[in-house]
There are 2 protein chains.
Amino acid sequence: MDALTQSTTTRTKKKPTDQPSACSCVNLRRASRAITKVYDDALHAAGLKVTQYSVLVNLSRAGAVSVSELARRLRLDRTTLVRNLKALERAGMVEGAPSSDPRERGVSLSEAGRAAVAQARPRWIEAQRLIEARLGADGVRQLGELALALEGIAGRDVAGADSVESE
Amino acid sequence: MDALTQSTTTRTKKKPTDQPSACSCVNLRRASRAITKVYDDALHAAGLKVTQYSVLVNLSRAGAVSVSELARRLRLDRTTLVRNLKALERAGMVEGAPSSDPRERGVSLSEAGRAAVAQARPRWIEAQRLIEARLGADGVRQLGELALALEGIAGRDVAGADSVESE
DNA sequence: CTCCTATGCGTGCATGTACACGCATATACC
DNA sequence: GGTATATGCGTGTACATGCACGCATAGGAG
């Protein structure tokens, strides 16, 4: 009732911040901002953002991989990852790794990166706990399921957009 | 099991993209990106992003308001809104509005803005429908509740961060 | 060997997001 | 009037995100 609803302007009182928006997208974006802040705050002492922690942890699990491969694992746009990696390389947490295919750029965790992950992990766990305390185990599970359902939604045409004439 | 888990590297097979990440934050961020794309695609024909549509709709409900007031309604950082408004002003969809207090900058929907909203609304509804078809009415409701719970979480200290010495 | 296609990579551009600052004005207190 | 506090605003800085491009090389078709 708060963000994208236009319908019944007949609302008389309207409590300020009680209801979620009628728009699932706005709801999700808001929730994403809020939860990101929780994790970022928790990881702040370790000098990482949650996005960076996510990259590092995946890298620690993957070993030496190409940028594209890492992007696939993170389910993140490759070009976004390219830029996210830059900060981590600048900070000395990620370093280049040899690669068979000259087209590929291999990357891997540096010692400093490994250390950063080790330092950050307990903070991350704390954040996880805080979220679970807030949502309950059920809520966390539901959230995972909803997220999964939404991730699989890519590529749909909704309105009669123009595209799709090639093949 | 996919993004931020480090524990049992003992995993033998691991289906590629079946499980949500162990990290609620990563899940939520991914879901947010995915759903944003759905709405942005739907609104593309109307020349708007969902973030812009959200601003315009709220503005259409609010009439002439100050930037800060609009930010409060959107539950969005004021400085973020300042910049988001710039694009809409450049596009002629938002215009200045008189204000009693000289400190305030009043903004309101222009005619073009109203037209854009009118053109975009059906697309937005389509996107809503698509999401509901994907999540079910229950899923949409759950999502709203979870989002609401997360929004209320601001300001917590998780790890023994340094701050909080002032008062 | 040569040409075509697939794959990997990085950048330009646009936008979203938020924090730290600094500037201006409104208000209250004296 | 003069000072202190509160409120509103915009910018600098930094990062996240994704699309459109263009460049380079690998691999196969001839």
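Quick caveat, the model's predicted, so the values are computed rather than measured. Here is how names work: the chains are called A, B, and so on, in the same order as the sequence lines, proteins then strands, and each is numbered from 1.
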- Message: Please classify the nucleic acid contact of A:T36 as base, sugar-phosphate, or nothing, using heavy-atom distances under 4.0 Å.
- Response: nothing

- Message: Under 4.0 Å, heavy atoms only, any strand: does B:S68 hit a base, just the sugar-phosphate, or nothing?
- Response: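 Sugar-phosphate contact only - B:S68 comes under 4.0 Å of backbone atoms but never of a base.
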
Does [X] have a side-chain nitrogen or oxygen under 4.0 Å from the phosphate oxygens OP1 or OP2 of [N]?
{"X": "B:R33", "N": "C:dG16", "result": "no"}
{"X": "B:K37", "N": "D:dC19", "result": "yes"}
{"X": "B:S66", "N": "D:dG8", "result": "no"}

Results of side chain to side chain donor-acceptor pair (under 3.5 Å) for [X] - residues two or more places apart only:
{"X": "B:E69", "answer": "B:R72, B:R73"}
{"X": "A:S108", "answer": "none"}
{"X": "A:T80", "answer": "none"}

- Where each residue is assigned the nucleotide of DNA chain C containing its nearest heavy atom, which of A:G106 and A:R29 is assigned the position nearer the 5′ end?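 Closest to the 5' end, via its nearest nucleotide, is A:G106.
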
- Query: If you pin B:T80 and A:V67 to their nearest nucleotides in DNA chain C, which one's is more 5'?
  - Reply: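 Nearest nucleotide further toward 5': that of A:V67.
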
- Selection from D:dA16, D:dC19, D:dG8 that lies nearest to any side-chain heavy atom of A:D77: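 Output: D:dC19.
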
- Where at least one partner belongs to residues 88-97 of chain B, residue pairs that pass side chain to side chain donor-acceptor pair (under 3.5 Å), sequence neighbours excluded: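 Output for this query lists B:E89-B:R105.
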
- Task: Answer yes or no: is there a side-chain heavy-atom contact under 4.5 Å between B:L135 and A:L150?
- Result: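 They are in contact (side-chain heavy atoms under 4.5 Å apart), so the answer is yes.
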
- Task: Using a 4.0 Å heavy-atom cut-off, write out nucleotides 20-26 of chain D from 5' to 3' as B (base contacted by protein), S (sugar-phosphate only) or - (no contact).
- Result: B----BS

- Quick one, which residues of residues 86-95 of chain A touch DNA chain C with a heavy atom under 4.0 Å?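 Contacting residues: A:K86.
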
- Query: Salt-bridged, A:R114 to A:E111, with N to O below 4.0 Å?
  - Reply: yes

- Is any NZ, NE, NH1 or NH2 atom of the basic residue among A:R141 and A:D138 found under 4.0 Å from an Asp or Glu carboxylate oxygen of the other? yes

